[in-house]
Structures are given as structure tokens and as C-alpha cells.
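As C-alpha cells, the structure follows; a few thoughts come after it.
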Amino acid sequence: MDGLKFYTHGAHLIAEWRGPVIPVGTHIPHGDDGTTYEVVEIRSKGERVVAKVEPHFSPEAEAEIDRTVDLLMGFLEDDDVIEVAMVFDDKGRVIHWHEPRGAHGGAIPDSRDLWDVLWEHRDRLGGVAHTHPWKGDPWPSKTDTTTWRACEKGLGKLLLWPVVTFDQVGYWVFNEVTGEYTPVNPEYLTITLEGIDEIRRKSGYVEEGP
Amino acid sequence: MADIEATEARINITWAGKNGDMPDPVPYDASDADIKTWAAEAVSGGGIPGLDPDPNVDFTDYVVDRFEATEDVPNRIFLRPKTPFGDQPNPTVPEGWVPNDPYEDYDWCFPEEG
């Protein structure tokens, strides 16, 4: 089973490898904790084999998954925590708060209204900050970076894209040499960004007492 | 610009800080993929008044907004950058596979077996 890999396809979990076709019902071992993936359907073409599989987690893996799911569901269902975006000008002053219906703790939906704001203020636009409403590293998601790039291509200018968590801020810009977004040391920023405390509050951050 | 039939629409395109309409109307119910393809060909070839020709134009992460005609304005289609943030579902799908097709339909997976 050369090159065995697992991935999701729609709602299904798929295993793919190059090599032999194995019988339906076979358990493919995964990891060293006893977890297996049972083959429930299988197709092949030449050496390429694609199987629909169902996981059989070890008790330890099951417990870890339950803990993670509980954490994520509690986070997503927490109405008190929500992603918020903030449009700012080239001096770092807030132009617009973006708190659309449909936003939750894990995402802000596509919005023509936000694009209209960016287009209207394009001449003095500095960037768009948005929150990841938890404590931790301010890394962007793939959705974030593809949105940033699309907006920059539409606007014809590069912007500053801060990602604000409850305890950190990452200032991201597009590097035209590498073709990727990279964080900027805040000491080298030419603007002072307003609204960081406010965007955290709007996202549900409550300052901890002494 | 050409006249617009009731089943057609004018496409407005935003690219590189400028904005312009495609001279020729398109079917209002054209697919998003077709609209992006036609728009890319038009921008690449310099066929949009107000936009500079750009052979590297790329509408992959753009959104198609459609607005039905009113008494005063015909059907309009706007092609603009997407604006979502956060962790959207992003399953890893091998190159050449079509995301979100039902797995039970193997025609897309192994076409010669269909």
C-alpha cells in the first residue's frame, strides 16, 4: 500500500494508495494506538486504489476526539464570542466596523456590503483587521489569505491585514517576492492602528480581573 | 454597447483598482464559471473600457453577484473579490477531483467505468 493517505471528500472519509485491492471489511491500521480504518467500499484503476473507509478509534483516540469536539462545539455555539472585522484607513483610523449577521466564533461570511466599503474608501484604505476570538497565535486561515489576495487584486493595492486574537496581534502583508503573506514586526509599521481593544470587546473578550 | 434582452445581463468587473462593463451582454443565468471565463478573456484581451489589459488576470477568488432587472435598470452581474474570513470547510481533494460530488457517483472518479 504505497503512498497511503487519508482525506475527506464531501462527508466521506477516503483512503487512497497505490498497490493491491484489499477486501471490503479489511481494517487498515493507523498510528500506534490501535485505531483502524475499515474499508466499506473500494474502487481501483490501474495501481490507483480508492476506498471509502470508516474509522474505528481506540478508546484513547475516542476520548481525545470527544474532548476536542466538545471544545470546538462549545466554542462555535458560544453566542458571546464572534469574529468581527474592522476597516481602517492609511493612518490606522477606524473607517467601518463589520459585524454581519451570520458571523460566529469561527468565521465571517462573504459580504457584498464589506466589499462596497473597501471600494468606496479605496483611495485612503489602509487595511482590514479581523479577530480570531481566542487566546493564541494570530495565524491566518487559508480563507483569510485567499480573501486578502482577491481584495488586493480587485483594489490594485497592497494592504495591511492584522489578525487579532485575545492576547496577540499579527500584522500580515503580501510579500511580492515569495508570493506569500508574512508577518511584519510591529516596530516597522508606519501607522498606529486604533481599535484593537474595541475589536476584542466586540468579539466577546472580557478582561480578566486581578 | 449592445442592447440587452430580458434574459441577458451586463457584467461589471472590478480589477486592479478600476471598474468597467463588458460591452456585450451575457445570458443572465450563465454559470459563475462561464462568467469568470468570459470576463478573464475580456480583461486579458483589453476588451473592457476603463480597465487596463492584464494577461495575468485571475478571478478564482471572485464572487458573482446577480441583480434582477427593475423598471429602470436591466439585469446586472457584478464580478467582485470575495470577502469571507475564518475557517471555512476546506477538504483536501486530489488534483483533478471535483469537490462535493457524491462519492456514490463513480463516473467522475473512474470515467471509463461509467
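Throughout, a chain's letter reflects where its sequence line sits, starting with A, and its residues are numbered from 1.
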State, without any angle test, whether B:T70 and B:D72 hold a side-chain donor-acceptor pair at a distance under 3.5 Å.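 Absent: no donor and acceptor within the cut-off.
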
Taking atom types as modelled, find out whether A:D144 and A:T147 have a side-chain donor-acceptor pair closer than 3.5 angstrom.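 No.
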
Drop me the distance from B:T7's OG1 to B:D29's CG, to the nearest 0.5 angstrom.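 Atom-to-atom, B:T7:OG1 and B:D29:CG are 7.5 Å apart.
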
For chain B, which residues from residues 149-166 of chain A have at least one heavy atom closer than 4.5 Å to it?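 The stretch touches chain B at A:A150, A:C151, A:K153, A:G154, A:L155, A:G156, A:W161.
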
For [Y], does its backbone N or O pair with a side-chain atom of [X] as donor and acceptor, under 3.5 Å?
{"X": "A:E16", "Y": "A:K5", "value": "no"}
{"X": "A:W172", "Y": "A:P138", "value": "yes"}
{"X": "B:Y62", "Y": "B:T14", "value": "yes"}

Other residues, nucleotides and ligands only: do more than 12 of their heavy atoms fall within 6.0 Å of CH2 on A:W139?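 Count not over threshold, so no.
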
Need one label for A:R122: side chain, backbone, both or neither, based on atoms under 4.5 Å from any heavy atom in chain B.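 Just the side chain, heavy atoms under 4.5 Å.
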
May I ask you to decide if the ring planes of A:H130 and A:W148 are parallel, tilted or perpendicular, using 30° and 60° as cut-offs?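 Rings of A:H130 and A:W148: perpendicular, over 60°.
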
Those residues of residues 30-40 of chain B, ordered by number, that approach chain A below 4.5 Å (heavy atom to heavy atom):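 Listed by number: none.
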
Any Lys/Arg nitrogen of A:K135 or A:D167 sitting under 4.0 Å from an Asp/Glu carboxylate oxygen of the other?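 Looking at A:D167 together with A:K135, the answer is no, because their closest N to O distance does not fall below 4.0 Å.
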
The single option from A:I82, A:V84, A:I199, A:I108 passing side-chain contact (heavy atoms from CB on, under 4.5 Å) against A:E99: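 Output: one option passes, namely A:V84.
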
